[in-house]
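Here is the structure we will look at.
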Amino acid sequence: VTGNAWRPDDRRFLFVTGKGGVGKTTVCAAMASALAARDKRVLIAMCQAKERISTMFGSSAVGADIVPVGKNVWAVNIQPEHALEEYGSMILKIRALYSTVFQNRYVRSFFRAVPGLYDWSMLGKAWYHTTEVDREGRPRFDVVLLDAPATGHGLDMLRVPKVILEVVPPGILRRDAEKAWETFRDARRTSIVVVTIPEELPTSETLDLTRAIRNELGLDVGALVINRTLERLFSAEEQAALERATSSPDAREPGDQALVAGARRAVRERVQIENLARLDGVKTLERIVLPELYEEVASPTAVHRLAARF
Ligand SMILES: Nc1ncnc2c1ncn2[C@@H]1O[C@H](COP(=O)(O)OP(=O)(O)O)[C@@H](O)[C@H]1O
Ligand SMILES: [Mg+2]
């Protein structure tokens, strides 16, 4: 952490997005682990994922019901159909009534007609868990972390409450969307966390994504997490020399493997420097840099190591 402007501890809801494969789930696990170590009760909500959170915490598998995965950490793998059923029965209070009503084709087609309803079932459920309190009135979870879908889909998901406010007539669905949107717009309660790696395409996607979050949704990005950064081994001169040495056609002598490996590394370091400079243009409260790990990342030890950065 480079400053104290932003800490995950101070938010009720963290929406974690970014390009596919950059490390969103890994970052969720690391943040949850950091928060839990500081005595926060954390829920990690996944969206219909091939879940690997259980591997990261060394727990048993995580399904559509909330289960503990470690001290102070719970997880759920939200399934839209299941979440909708839960939501429907919550709205109608009585499950028996719900099942007869839900079999009604008219009601089914009404639900289908709501744009983004599947996304809402996941986002809305995650948001709902930020509102739950125990008998003493204390929050059930201090922080809810949504391991959100990748870039474009993540944006679509965040847009849904606004869309509901525009097209759905007054009622419970609209009222919840209104309350959720209020929570998301409040930077003291919600942070969007964008995860990326310092490479060409992920950086371009990150620049577009953060612009869209700001301009289209009018929301701030709380933190930018730059994952998988390499320790710098070569100076700019050494990088250039290595790249030159391996780019000439007669450089492939036997025994040159070390040179080729060095040149590959030099290219990655140069690309990283270029893209870190591009990422400097992203306005966020905080920027967190995580190292490339050379061990099994989906493991409690790796998660613990990365947690230290939060
Ligand atoms: N800091 C890191 N160092 C090395 N490998 C990483 C790191 N972070 C993530 N990975 C690997 O990258 C892959 C994608 O990570 P994951 O967290 O599943 O990304 P996402 O949720 O964005 O798809 C996984 O195989 C993971 O182990
Ligand atoms: Mg993931």
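Just so it is clear, the values below take in all heavy atoms, side chains as well, and ignore hydrogens, waters and symmetry mates. Start at 1 and go down the list; that is how both ligands and their atoms are numbered.
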Please evaluate residues Leu165 and Lys162 with respect to the criterion side chain to side chain contact (heavy atoms under 4.5 Å, CB included), reporting the C-alpha separation (whole Å), side-chain torsions for both, the decisive distance (0.1 Å), and the verdict. CA-CA 5 Å; Leu165 294 185; Lys162 263 181 114 167; 5.6 Å; no
Heavy atom of the protein closest to atom 3 (N) of ligand 1 (residue, atom name, distance): Leu293 N, 2.8 Å
Looking only at protein heavy atoms, what sits closest to atom 14 (C) of ligand 1 is Gly21 O, 3.4 Å
With a 3.5 Å distance limit and no angle check, can you tell me whether Thr284 reaches the backbone of Arg287 through a side-chain donor-acceptor pair? no
Using a strict cut-off of 4.0 Å, indicate which atoms of ligand 1 neighbour a heavy atom of Arg52. 15 (O), 16 (P), 17 (O), 18 (O), 24 (C)
At under 4.0 Å between heavy atoms, which part of Pro291 makes contact with ligand 1: side chain, backbone, both or neither? backbone
Would Val297 count as a polar contact of ligand 1, with the cut-off being nitrogen or oxygen pairs under 3.5 Å? no
Does Thr25 bring an N, O or S atom to within less than 2.8 Å of the Mg ion (ligand 2)? yes
For Asn227, which part has a heavy atom under 4.0 Å from ligand 1: side chain, backbone, both, or neither? side chain
Run through Ile197, Val271, Asn275, Val282 and flag the one making a side chain to side chain contact (heavy atoms under 4.5 Å, CB included) with Thr203. Asn275
Heteroatom proximity flag, Gly23 to ligand 1, N/O under 3.5 Å: yes
Carefully, step by step, assess Arg228 and Glu199 under the rule salt bridge (charged side-chain N to carboxylate O under 4.0 Å, His left out). CA-CA 10 Å; Arg228 307 192 69 162; Glu199 288 174 13; over 6 Å; no
Polar atom proximity, Glu296 to ligand 1 (N or O, under 3.5 Å): no
